[in-house]
Chemist: 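Dumping the structure here so I can ask a few things about it.
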Amino acid sequence: MLKINEHYLKLQASYLFSDIAKRMTAFQEANPDKDIIRLGIGDVTHGLPTACIEAFHSAVDEMAEDSSFRGYGPEQGYAFLREAIAKNDFQARGADISPDEVFVSDGAKCDTGNIQELFSTDAKIALPDPVYPVYLDTNVMAGRTGGFRDGRYQGMVYLDSTEENNYVPDLPSEPVDLIYLCFPNNPTGSTATKEELKKWVDYAKENKALILFDAAYEAFIRDDSLPRSIFEIEGAKEVAIEFRSFSKNAGFTGTRCAYTVVPKECMAFDSAGNKQAIHPLWNRRHCTKFNGVSYPVQRAAEAVYSEAGKVQIQELVNSYLENADLIAKAIGELGFDYAGAANSPYVWIQGKRDSWEFFDMLLNEAGVVCTPGEGFGKCGQGYIRLSAFNSRENVIKAMERIKKALA
Ligand code: MLT
């Protein structure tokens, strides 16, 4: 008799964004004439930057000729892209990351979900609450938690991120092995200073722990004093792995390209207490389970770092940041407290009511989709998240409708 992995049975209903899509589809079916504006999932709406599209097209043409055709590429990514990433995203900011520490993949969601399989099942996990649900759910699937009680999984260390701590969690009061951090944060939009990240790096060193740093939204940082990478913090290379994505800066949500940086100094320990480098283990996993991102997509991603690409990406990100600003202003005028928006595409709103109730009200009364804060953790109860990823026109329309619905 084949038995299933019973840890899956502990998971709560379906994945947050599938739940939202289901409610939205049901609403649309019941109200076929209503025009819905989606400010829920952080999915981009503008076309790819011209520099990326040109590189994409010309790489597709190369695939048509025997002389320039490419079959399987290196699992870790082509050297041209790994070199461009190391140089532009890290070395240019004083972080000494080499191209062979960069692993190109098809998404930060997959990488942040998969990385946990390198670590022991009894690893103690700490994660912010609220936060992107993939970190938690993948650890539940792997059996690192007990059952779900009172809105939380037993055995997990939750790091409350609330208005009181400016949505930057405090260090855990008990020792933990693996720490997830995400800045600019999804969903609160909060950012962490160098001093704040330094505390986490020091903690990880003292406790022989590892930080999994999700920087998928770093392109939205406009405050130059803020770090864009954890590797801007001294000593972080020994205790941190970083995840990045081309989804939110260059609009690759449907094109799929991301990368993970695993420094060679980064260590975990075997049961005898010996240091084991993580880099060869992630490399082994990557080569066994992944065959690389397609050549045209990697050429399109490389174009992000061209002179034209850099300018176009700034424009793209700026347009979403201006949307975030419009949302924040309208929400403030309605008398709600909010966080985020300044260095992030998300606005985190204290809704003064149950977050799914707020979701339903916005959908039914305004035809606007948001993300209920509760889906990101217990501390998200009472909040909703609005995403700035849409056209200016739709954002203006959505905020007018919200104002009317709440009047
Ligand atoms: C979000 O809305 O939180 C993100 O778009 C989800 C993702 O990037 O997978």
Side-chain angles (χ1 to χ4, degrees), residues 11-12 14-24 36-46 105-116 127-139 141 161 167 180-191 212-220 242-260 293 301 316-317 320-321 323-324 327 339-341 343-349 355-356 358-359 362-363 368-377 379-380 383-390 394-395 398:
L11 290 165
Q12 296 309 292
S14 55
Y15 178 60
L16 172 65
F17 295 105
S18 323
D19 248 8
I20 294 171
K22 256 190 244 152
R23 288 197 192 207
M24 198 171 71
I36 298 179
I37 302 176
R38 298 165 192 214
L39 303 182
I41 189 163
D43 193 4
V44 295
T45 56
H46 293 302
S105 78
D106 62 349
K109 178 184 190 173
C110 321
D111 287 353
T112 54
N114 288 326
I115 192 83
Q116 49 75 30
L127 88 174
D129 178 353
V131 86
Y132 185 43
V134 170
Y135 318 148
L136 176 61
D137 285 1
T138 51
N139 278 291
M141 291 168 178
S161 307
Y167 305 100
Y180 289 83
L181 293 178
C182 172
F183 291 110
N185 183 262
N186 179 11
T188 65
S190 64
T191 50
L212 299 174
F213 190 76
D214 186 350
Y217 298 94
E218 63 74 34
F220 292 82
E242 181 163 310
F243 305 91
R244 292 274 189 109
S245 171
F246 294 101
S247 284
K248 318 286 168 162
N249 61 347
F252 276 45
T253 52
T255 307
R256 311 306 307 149
C257 197
Y259 66 86
T260 290
V293 173
L316 202 51
V317 170
Y320 291 129
L321 279 169
N323 286 349
I327 296 173
N343 295 287
S344 147
Y346 295 129
V347 187
W348 183 243
I349 301 156
S355 46
W356 277 106
F358 205 168
F359 171 92
L362 287 188
L363 182 59
V368 173
V369 178
C370 68
T371 307
E374 197 187 339
F376 297 100
C379 292
Y383 287 78
I384 57 156
R385 188 194 77 178
L386 286 177
S387 147
F389 292 116
N390 214 312
N394 275 346
V395 166

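Since we're looking at a predicted model, the values are computed, not measured. Indexing begins at 1, ligand by ligand and atom by atom, following the structure's order.
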Chemist: Can you list the atoms of ligand 1 that are under 4.0 Å from a heavy atom of Tyr346?
Modeler: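 Contacts of ligand 1 toward Tyr346, numbered from 1: 1 (C), 2 (O), 3 (O), 4 (C), 5 (O).
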Chemist: Is a donor from one side chain sitting under 3.5 angstrom from an acceptor on the other, for Asp214 and Thr112?
Modeler: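 No, Thr112 and Asp214 have no side-chain donor paired with an acceptor closer than 3.5 Å.
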Chemist: Examine the side chains of Asn343 and Thr191 and answer whether a donor and an acceptor come within less than 3.5 Å of each other.
Modeler: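 There is no such pair (donor and acceptor under 3.5 Å, judged by atom type) between the side chains of Asn343 and Thr191.
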Chemist: Is there a polar contact between ligand 1 and Lys248, counting only N or O atoms under 3.5 Å apart?
Modeler: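 For ligand 1, there is an N or O atom that lies under 3.5 Å from one belonging to Lys248.
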Chemist: Below 4.0 Å, non-hydrogen atoms only: which portion of Phe389 touches ligand 1? Side chain, backbone, both or neither.
Modeler: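 Neither; nothing of Phe389 gets under 4.0 Å from ligand 1.
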Chemist: Counting both backbone and side chain atoms, is some N or O of Gly42 under 3.5 Å from an N or O of ligand 1?
Modeler: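 It does: an N or O of Gly42 is found under 3.5 Å from an N or O of ligand 1.
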Chemist: Quick check on side chain to side chain contact (heavy atoms under 4.5 Å, CB included): which of Trp348, Phe359, Phe376 does Thr371 satisfy it with?
Modeler: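 For Thr371, the side chain to side chain contact (heavy atoms under 4.5 Å, CB included) check succeeds only for Phe376.
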Chemist: Could you pull out all residues at least two apart from Ser190 that satisfy side-chain hydrogen bond (donor to acceptor under 3.5 Å, both in side chains)?
Modeler: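 Result, side-chain hydrogen bond (donor to acceptor under 3.5 Å, both in side chains) vs Ser190: Thr188.
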Chemist: Need the ligand 1 atom indices (1-based, order shown) with element for anything under 4.0 Å from a heavy-atom of Ile41.
Modeler: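 By the 4.0 Å cutoff, the relevant atoms are 2 (O), 5 (O).
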Chemist: When you compare ligand 1 with Tyr217, is there at least one nitrogen or oxygen pair between them that comes in under 3.5 angstrom?
Modeler: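 It does not: no N or O of Tyr217 is found under 3.5 Å from an N or O of ligand 1.
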Chemist: For Tyr132 and ligand 1, does the shortest N/O to N/O distance drop below 3.5 Å?
Modeler: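 Such a contact does occur with ligand 1.
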Chemist: Check Asn186 against ligand 1 and report side chain, backbone, both or neither, counting heavy atoms closer than 4.0 Å.
Modeler: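 Asn186 to ligand 1: side-chain contact only, backbone stays beyond 4.0 Å.
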Chemist: A cation-pi test, strictly: NZ or CZ of Arg385 under 6.0 Å from the centre of the six-membered ring of Tyr346 and no more than 45 degrees from its axis. Yes or no?
Modeler: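 Output yes; distance and angle both within limits.
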Chemist: Can you say whether the rings of Phe389 and Tyr217 are parallel (under 30°), tilted (30 to 60°) or perpendicular (over 60°)?
Modeler: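 Correct class here is tilted.
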